[in-house]
2 protein chains.
Amino acid sequence: MNLEKAWKLLKNNGFKETEKRDRILRQFSGNDKYLTARDLLDVLQKDYPGISYDTVYRNLATFTGLGILEETELSGERHFRMQCESAEHHHHFICTDCGKAKEILLCPMEMLTESLPAYKVESHKFEIYGTCPECQ
Amino acid sequence: MNLEKAWKLLKNNGFKETEKRDRILRQFSGNDKYLTARDLLDVLQKDYPGISYDTVYRNLATFTGLGILEETELSGERHFRMQCESAEHHHHFICTDCGKAKEILLCPMEMLTESLPAYKVESHKFEIYGTCPECQ
DNA sequence: GATGTAAATCGTAATCATTCTGAATTGGAG
DNA sequence: CTCCAATTCAGAATGATTACGATTTACATC
């Protein structure tokens, strides 16, 4: 996902172009790390000292709902990052140190949908945690 | 995991046998569902009206630490259930309706440890969510 | 460019899960 | 039975997230 695509999606869904939204999208755009709402708030406060929690959380929810951001729960906190460019379904190795994600193309679901007869599968989560080469 | 094994573990690690602990373990023992701390508190309050959050959370932490319970994060809340009997490493299909878990023996990690050179893998999470046959 | 209006933001309080604290109680070793 | 550390209680504190009324802003329309 890049900025143009994100704004196109937002406009098509009737969302207005605001400074704060632009600032938030730019933050994620130049950064492949997972960020918490607080991380983001801390960054935005440098440019917008009076920025509200509401603005941060509401926009994170909007962006996630439109598929601009993706979300995961790490140690009890929601973390967000820009949706990957790659069209294929994939999973992530996530560095617990720096928050960076590496794509994993293998999906275990392909191998076991037929081994769950009578179960209605709705979603799945596969994530690998550890330390990336840079952080070791 | 059964009650005897659980108590053996607790005793071996110097934990005392208390009414509350026994009640909590029995709750999980007769039940293969994932429960939140609040679910558990609600159940315990019928027998022990004055039971404290502290007791519930502290014991959940103790039991999880000893491997008596296993834990997962579902929609922002920690959920607990008795550790499975099976010795083999496995994952779960979790019913989002009733919380019941079905064991999945396939582990995707086996297929990709060598495809992550230079990455230090520490843990992983693979869970499938949906509706079990009984809940459809 | 001025105006109207719904959307967005602000400022702050409320909520919810979880953790902490200090006092009171209890299991079980001796 | 006595004693002491472990456990529990009661309630306050914390931290993430959501809610809300008042204010401001984007932008469609004139």
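A, B, ... follow the sequence lines: proteins, then strands. Residue 1 opens every chain. All values derive from a computational prediction rather than experimental measurement.
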Any B:Thr18 side-chain N or O less than 4.0 Å from OP1/OP2 of D:dA6: no
d(CZ, B:Phe15; C1', C:dA29) in whole Å: 18 Å
Enclosure of A:Lys5 NZ (heavy-atom neighbours >12, cutoff 6.0 Å): yes
Neighbours of DNA chain C within residues 20-40 of chain B, by heavy-atom distance under 4.0 Å: B:Ala37, B:Arg38
Side-chain donor-acceptor pair present, A:His91, B:His124, cut-off under 3.5 Å: no
Lys/Arg-Asp/Glu bridge criterion (N-O < 4.0 Å) met for B:Asp32, B:Arg81: no
End-to-end axis angle, where each axis spans five pairs of the helix from C:dG1-D:dC30 to C:dG30-D:dC1, to 10°: 30°
Atom-pair distance (CD on B:Glu77; P on D:dG15), nearest Å: 20 Å
Atom pair distance, as rounded to whole Å: NZ in B:Lys11 and P in D:dT7: 12 Å
Polar contact flag, side-chain donor to acceptor under 3.5 angstrom, B:Glu19-B:Tyr48: yes
B:Tyr57 and B:Arg78 side chains, donor-acceptor separation under 3.5 Å: no
Donor-acceptor side-chain pairing of A:Glu71 and A:Tyr34 below 3.5 angstrom: no
B:Thr64 and B:Glu70 side chains, donor-acceptor separation under 3.5 Å: no
Sugar-phosphate, base or nothing in reach of A:Glu19, heavy atoms under 4.0 Å: nothing
Lys NZ or Arg CZ of B:Lys125 over A:Tyr129 ring: under 6.0 Å, within 45°: no
Interatomic distance, A:Lys16 NZ vs D:dT24 P [rounded to whole Å]: 16 Å
Side-chain donor-acceptor pair present, B:Thr36, B:Asp39, cut-off under 3.5 Å: yes
A:Phe15, CZ atom: more than 12 neighbouring heavy atoms under 6.0 Å: yes
Strand contacts (DNA chain D) in residues 41-75 of chain B, 4.0 angstrom heavy-atom criterion: B:Gly50, B:Ile51, B:Ser52, B:Asp54, B:Thr55, B:Arg58, B:Asn59
A:Tyr53 atom OH, over 12 foreign heavy atoms within 6.0 Å: no
